[in-house]
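Since we're looking at a predicted model, the values are computed, not measured.
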Amino acid sequence: MKKIELVLLAFLLLYFSMQHVKAGPYNDDIVSHFLLAMVKKDEEQVKKYVSSKVKIPEIREETSISRFSGYPSPKENVRVALAYFNVGENMPERIAFIWEVTFHQEEVTDIRVVYDGSNPFMNESKIMKEYMNKHIANILTVSKFPFDITHVEGSINKDILLIRYQNVNLHGLLQVKVEPKEEDLKAAEGENMYTLKNGTKALYQPDVNQLIFVHDSFNYSISIESEITKDFTVHDLLEIANSMF
């Protein structure tokens with residue numbers, strides 16, 4: 001468990017212990033039903049418990065939630081929800097979120113995020129593991145990004161792995177496509193051919209602002225899209241590719 005999670009949890013437990021309340025799952029009330037629907041990812045049921053004016057906080061990680069604990073609050077009509085990700089057996093629990101949930105009669109009227117424990121890179125790890133197990137091979141991953149990453153999405157279509165790293169605030173997208181080798185770039189020549197730091201040849205395609213290289217029998221294609229003012233160039237793509245070695 002990360003240090004910040006330990007500090008937050010310790011603070012939360014101390015705070016509520018001073019309020020003389022007990023932690024535990026809620027009973028037959030609106031907040032409990034809402035949270036159970038969230039855990040089950042039952043979107044239709046969730047909507048029934050929440051006011052139309054309430055924006056439900058996004059959980060940017062696809063990992064399922066194993067359980068939640070509830071804390072009464074000194075504030076009127078407020079409950080505090082502490083949820084944990086399902087990280088598997090023999091692993092330390094990891095906090096998914098801490099929300100302050102306000103309710104009135106039979107609907108949730110406000111949700112305030114106290115702590116967001118989502119790690120979007122867990123989505124990358126899950127899809128990479130699936131692809132590597134399928135092909136019994138090690139696949140390179142990006143370690144340096146052109147902008148802060150808020151969301152990661154991955155998919156496998158037959159033998160093609162596609163990972164999309166996003167910054168939704170900047171409308172930025174870094175896309176990496178991996179597939180079994182189809183061509184040998186060593187034979188290509190010209191001003192659009194570059195050499196990565198480990199000697200690997202990389203081909204830049206300026207018409208689509210994409211960089212392609214081959215490593216251990218896999219083709220890697222890297223491209224960037226963004227609405228921010230900076231114009232990304234081949235040098236940015238080369239920096240990303242070099243971070244994979």
Side-chain angles (χ1 to χ4, degrees), residues 1-88 91-126 147-153 164-172:
M1 187 178 291
K2 295 179 182 179
K3 184 176 180 180
I4 187 172
E5 292 179 344
L6 290 171
V7 172
L8 281 167
L9 182 56
F11 175 79
L12 187 65
L13 293 174
L14 176 62
Y15 176 78
F16 284 105
S17 66
M18 293 174 64
Q19 300 299 325
H20 304 291
V21 298
K22 295 181 179 180
Y26 305 141
N27 298 313
D28 187 20
D29 58 54
I30 189 63
V31 176
S32 178
H33 293 312
F34 161 68
L35 290 170
L36 286 173
M38 286 288 299
V39 170
K40 294 177 181 179
K41 296 184 178 180
D42 188 338
E43 295 182 6
E44 291 300 318
Q45 200 65 27
V46 166
K47 292 178 181 178
K48 294 180 180 180
Y49 300 128
V50 179
S51 167
S52 59
K53 297 180 180 179
V54 174
K55 182 178 180 181
I56 300 174
E58 180 184 12
I59 301 174
R60 297 170 297 143
E61 186 175 332
E62 296 174 0
T63 306
S64 61
I65 294 174
S66 60
R67 67 182 182 89
F68 68 88
S69 297
Y71 296 85
S73 169
K75 300 177 183 179
E76 186 177 0
N77 294 334
V78 174
R79 300 274 175 82
V80 174
L82 176 61
Y84 297 87
F85 283 122
N86 183 8
V87 293
M91 294 290 289
E93 286 192 307
R94 187 161 57 89
I95 297 175
F97 61 77
I98 302 174
W99 291 349
E100 193 176 67
V101 183
T102 304
F103 62 96
H104 179 69
Q105 295 181 351
E106 292 303 312
E107 70 176 4
V108 172
T109 57
D110 186 54
I111 304 173
R112 185 176 74 87
V113 177
V114 178
Y115 173 72
D116 176 8
S118 295
N119 177 2
F121 284 97
M122 295 299 292
N123 299 335
E124 175 202 53
S125 177
K126 181 180 178 181
F147 35 68
D148 292 333
I149 304 302
T150 61
H151 295 68
V152 178
E153 297 177 352
R164 297 162 65 90
Y165 303 91
Q166 302 176 63
N167 184 308
V168 296
N169 301 316
L170 302 176
H171 300 286

Would a 4.5 Å heavy-atom cut-off, applied to side chains only, mark Gln166 and Glu153 as touching?
-> yes

Ile59 side chain near Phe85 side chain, heavy-atom distance below 4.5 Å | yes

Identify whether the distance between the nearest side-chain nitrogen and carboxylate oxygen of Lys48 and Glu107 falls below 4.0 Å.
-> no

How long is the span from the OG1 atom in Thr150 to the CG atom in Asn167, to the nearest 0.5 Å?
-> 4.5 Å

Ile56 to Val50 - nearest heavy-atom pair and separation | CD1-CG2, 4.2 Å

Looking at Glu100 and Arg79, does any basic side-chain N land under 4.0 Å from a carboxylate oxygen?
-> no

Please examine the side chains of Phe121 and Tyr165, heavy atoms only from C-beta on, and report whether any two atoms are closer than 4.5 Å.
-> yes

When rounded to the nearest 0.5 angstrom, what is the spacing between NZ in Lys126 and CD in Glu124?
-> 14.0 Å

If you look at every heavy atom in Val87 and Pro92, which pair is closest and at what distance?
-> CG2-O, 3.5 Å

Rounded to the nearest 0.5 Å, what separation is found between the CG atom of Leu82 and the OG atom of Ser69?
-> 5.5 Å

Between His33 and Tyr49, what is the ring plane arrangement, given parallel below 30°, perpendicular above 60°, and tilted in between?
-> parallel

Gap separating the CD atom of Gln105 from the CD1 atom of Ile30, nearest 0.5 angstrom | 11.0 Å

Measuring from Ile149:CD1 to Arg164:CZ, what's the distance to the nearest 0.5 Å?
-> 12.0 Å

Out of curiosity, Leu35 CG to Trp99 CH2, how far, rounded to the nearest 0.5 Å?
-> 7.0 Å

May I have the step-by-step check of salt bridge (charged side-chain N to carboxylate O under 4.0 Å, His left out) for Asp116 and Arg60, ending in yes or no?
-> CA-CA 9 Å; Asp116 176 8; Arg60 297 170 297 143; 3.4 Å; yes

